[in-house]
Amino acid sequence: MAAPGAGAPPEETLSLWKREQARLKARVVDWDTEAWQRNPDFSGLQRVGGVDVSFVKGDSVNACASLVVLSYPELKVVYEECRMVNLKAPYVSGFLAFREVPFLAEAVQRLQEKEPSLMPQVLLVDGNGVLHQRGFGVACHLGILTDLPCVGVAKKLLQVDGLEKSDQHKEKVRCLRAAGATFPLVGDSGTILGMADIRSREYIRRNQGLPGAPALGQERTLKAQWQEVCPPGGSAEPTDKGRPPEHLGPGPGADPDAPTQAPRDSEAETGPVGVGPREGPCAICE
């Protein structure tokens, strides 16, 4: 989970970063190319990796870059590396990759050199991919540099291409109660930018006693209530468009390239789904 760096970079640096994003974006492959991706049960997928950069609270420079590889479907850890790093680039919304990706790419390279047989077949990345101000977030960036399929997994919805955390969006999220339930995040352009699910959050509430967790024995009753409110194949469509906090993304009419220094909750440019080369679908939007 990143923290903001001190001071914004000069405009010439931002211009250089934009050009680099545009250059690398041309290499993104946003369709399934691996046999296991096209198989409903992911037959052939044996190793799944995850990467993250975590910070000590109050320190925006020193961080821990982590790479973990799990066997699939057993989900047993087969490789793990955590290394303290010193981040030089400041956090600027939309340019997270230039702050964190070099360290994550180096971790993947070290694994390739030390234990090539344990290389993951897909990487889950803490951040966005195509759901990004310029369609090229940290997951895309890492996918290009490592030549691995990358899936961006972010915690909050980034407002781009007409997406917003409206009452209608929240209602759809509330309807995601069954295992595997999702809904596509479709922008005004008609492009599917991500998929949303809340399975992990519900698990935490249930097992950690957080607010909103159903008591044991109440789950069956709640499930029946959810089915009444959110019948299969449809949901309520409120018309009131509530605006999310500004740090979740630019509002209508805002310049999507305008840099911000807002703190990052996993990624202040947060929102679901990333695409690197040979991308597979997934993400968390709530």
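Along the sequence shown, the residues carry numbers beginning at 1. For the numbers below, each heavy atom of this structure counts, side chains included, while hydrogens, waters and symmetry mates do not.
In terms of modelled atom types and a separation under 3.5 Å, the side chain of Arg99 and the main chain of Ala89 share a donor-acceptor contact. For Ser43 (side chain) and Asn39 (main-chain N/O), no donor-acceptor pair under 3.5 Å exists by modelled atom type. No side-chain donor-acceptor contact under 3.5 Å links Arg83 to the backbone of Ala65. Here the side chain of Gln112 pairs no donor or acceptor atom with the backbone of Thr146 at under 3.5 angstrom. Without hydrogens or angle criteria, Arg134 side chain to Ala22 main chain gives no donor-acceptor distance under 3.5 Å.
The ring pair (Phe, Tyr, Trp, His ring centres under 6.0 Å) test applied to Phe98 returns Trp17, His141, not counting sequence neighbours. Judged as a side-chain hydrogen bond (donor to acceptor under 3.5 Å, both in side chains), and not counting sequence neighbours, the contacts of Asn62 are Asp59, Asn86. In this structure Lys76 satisfies the salt bridge (Lys or Arg N to Asp or Glu O under 4.0 Å) test with no other residue, sequence neighbours excluded. The salt bridge (Lys or Arg N to Asp or Glu O under 4.0 Å) check on Glu80 picks up nothing, with sequence neighbours excluded.
Looking at heavy atoms from C-beta onward, Phe136 lies in side-chain contact with Leu24 at the 4.5 angstrom threshold. Taking the side chain as every heavy atom from C-beta outward, Cys64 and Val85 never approach each other to under 4.5 Å. Within the 4.5 Å cutoff, the side chain of Val125 has no heavy atoms near those of the Val153 side chain. Looking only at side-chain heavy atoms (C-beta outward), Val28 and Ile144 come within less than 4.5 Å of each other. Side-chain contact check for Leu123 versus Cys150: some heavy-atom pair is nearer than 4.5 Å. Using a 4.5 Å heavy-atom cutoff, the side chains of Pro9 and Val92 are in contact. The side-chain heavy atoms of Pro149 and Gln37, taken from C-beta on, include a pair separated by under 4.5 Å. The shortest side-chain heavy-atom distance between Leu70 and Val78 does not fall under the 4.5 Å cut-off.
To the nearest 0.5 angstrom, Gln109 atom CD is 12.5 Å from Leu67 atom CG. Of the inter-residue distances, the one linking Leu14 atom CG with Phe95 atom CZ reads 5.0 Å to the nearest 0.5 angstrom.
Annotation: side-chain hydrogen bond (donor to acceptor under 3.5 Å, both in side chains) contacts involving residues 114-124, sequence neighbours excluded, comprise Tyr79-Lys114. Judged as a salt bridge (Lys or Arg N to Asp or Glu O under 4.0 Å), the pairs with a partner in residues 103-113 (not counting sequence neighbours) are, in order, Glu81-Arg110.
Minimum interatomic distance between Met119 and Leu148 (heavy atoms only, all atoms of both residues): CE-CD1, 4.1 Å. Looking at every heavy atom in both residues, Gly129 comes nearest to Cys140 through C-SG, 3.4 Å. Leu118 and Leu111 get closest at one heavy-atom pair: O-CD2, 3.9 Å. Across all non-hydrogen atoms, the minimal contact from Asp52 to Leu104 is O-CD2, 3.8 Å.
Residues Leu87 and Met84 are members of separate hydrophobic clusters, defined by side-chain heavy-atom contacts under 4.5 angstrom among Ile, Leu, Val, Met, Phe, Trp and Tyr.
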